[in-house]
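Right, one structure below, let's go through it.
Just so you know, residue 1 is the first one in the sequence shown, and it goes up from there.
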Amino acid sequence: MYITAIATLIYGILIAAGGIMGYVARQSVPSLISGGLLGVAAVIGSAMMFCGKPAGRTIALIAAVLVGIFFAFQLFKGISAASPVGRAAGILALSIVEILVLLLVRSTNAPR
């Protein structure tokens, strides 16, 4: 089973799609660039994990941590400004789950 690689693939697609949606909804070029780059990095990491390359996990982990840090700041900024924080909280939670999957789930029959 490639649970980690599949979860990372889904996560990467969601992050990239979120970057595209941020651009379409608010013309946010930073959303497009950061979401696109980090989402593609996670997808590349997933592909590398499917191929049995350990560096894929590291690439995906770095992408998930960067997304998590950014949305943690967005969450705290929103809380302090008393503005809606649902999107930031949801993406932060998704990133935390992805980080935990990458750190805790080990594929037992992955190629070496």
Side-chain angles (χ1 to χ4, degrees):
M1 286 248 209
Y2 298 101
I3 295 170
T4 308
I6 291 170
T8 302
L9 178 63
I10 293 168
Y11 175 79
I13 291 170
L14 288 174
I15 294 301
I20 293 168
M21 288 179 7
Y23 177 75
V24 169
R26 295 190 179 168
Q27 302 301 312
S28 173
V29 174
S31 254
L32 178 64
I33 293 171
S34 62
L37 288 176
L38 294 173
V40 167
V43 169
I44 289 170
S46 171
M48 290 174 71
M49 283 187 273
F50 273 119
C51 293
K53 302 204 183 307
R57 185 180 299 266
T58 304
I59 291 169
L61 185 60
I62 290 170
V65 167
L66 289 174
V67 171
I69 289 170
F70 176 77
F71 281 100
F73 281 124
Q74 292 296 315
L75 178 65
F76 292 127
K77 187 170 86 173
I79 289 171
S80 66
S83 61
V85 294
R87 181 180 64 91
I91 297 171
L92 176 61
L94 181 66
S95 295
I96 290 171
V97 168
E98 172 64 12
I99 291 166
L100 290 174
V101 165
L102 288 167
L103 292 176
L104 300 177
V105 176
R106 297 287 178 191
S107 296
T108 56
N109 61 350
R112 296 186 192 267

(request) Check the hydrophobic clustering (I, L, V, M, F, W, Y; side-chain heavy atoms under 4.5 Å; chains of links allowed) and say if Leu66 and Phe71 are grouped together. (result) yes
(message) If I take atom CG from residue Leu9 and atom CZ from residue Phe50, how far apart are they, to the nearest 0.5 angstrom?
(response) 6.0 Å
(request) Measure the spacing between CG of Leu75 and CZ of Arg87 and express it to the nearest 0.5 Å. (result) 11.0 Å
(request) Please name the pair of heavy atoms, one in Pro54 and one in Gly52, separated by the smallest distance, quoted to 0.1 Å. (result) CD-O, 3.4 Å
(request) Identify the heavy atoms of Leu102 and Met49 that sit nearest to each other, and give their distance. (result) CD2-CE, 3.9 Å
(request) Treat each ILVMFWY residue as a node, draw an edge where side-chain heavy atoms are under 4.5 Å apart, and state whether Leu100 and Val67 are in one component. (result) yes
(message) For a quick test of reading the model, state the closest non-hydrogen atom pair linking Ala64 to Glu98 and the distance between them.
(response) CB-CG, 3.9 Å
(request) Taking the side chain as every heavy atom from C-beta outward, state whether Leu14 and Ile91 have any atom pair closer than 4.5 Å. (result) no
(message) Pair Ser95, Tyr11 - check side chain to side chain donor-acceptor pair (under 3.5 Å), show working.
(response) CA-CA 8 Å; Ser95 295; Tyr11 175 79; 2.8 Å; yes
(request) Locate the shortest heavy-atom distance separating Ile79 from Val85; write the atom from each residue and the value. (result) N-CG1, 3.6 Å
(message) Is there a path of hydrophobic side-chain contacts, each under 4.5 Å between heavy atoms, that joins Leu37 and Ile99?
(response) no
(message) Give me the atom names and distance for the closest heavy-atom approach of Arg57 to Thr4.
(response) NH1-CG2, 3.6 Å
(message) So, taking the atom named CG in Leu92 and the one named CZ in Phe76, what distance separates them when rounded to the nearest 0.5 Å?
(response) 7.5 Å
(message) Could you report the tightest heavy-atom contact between Ala42 and Gly12, atom names first, then the distance?
(response) CB-CA, 3.6 Å
(request) Give a yes or no on whether Leu38 and Leu32 share a hydrophobic cluster (residues Ile, Leu, Val, Met, Phe, Trp, Tyr; joining criterion: side-chain heavy atoms under 4.5 Å apart). (result) no
(message) Test of understanding: clusters of I, L, V, M, F, W, Y form through side-chain heavy atoms closer than 4.5 Å, transitively. Do Phe70 and Ile96 belong to the same one?
(response) yes
(request) Please check if the side chain of Ser28 supplies one atom and the backbone of Tyr23 the other of a donor-acceptor pair under 3.5 Å. (result) no
(message) Would you compute the distance between atom OG1 of Thr8 and atom CD1 of Ile59 and round it to the nearest 0.5 angstrom?
(response) 11.5 Å
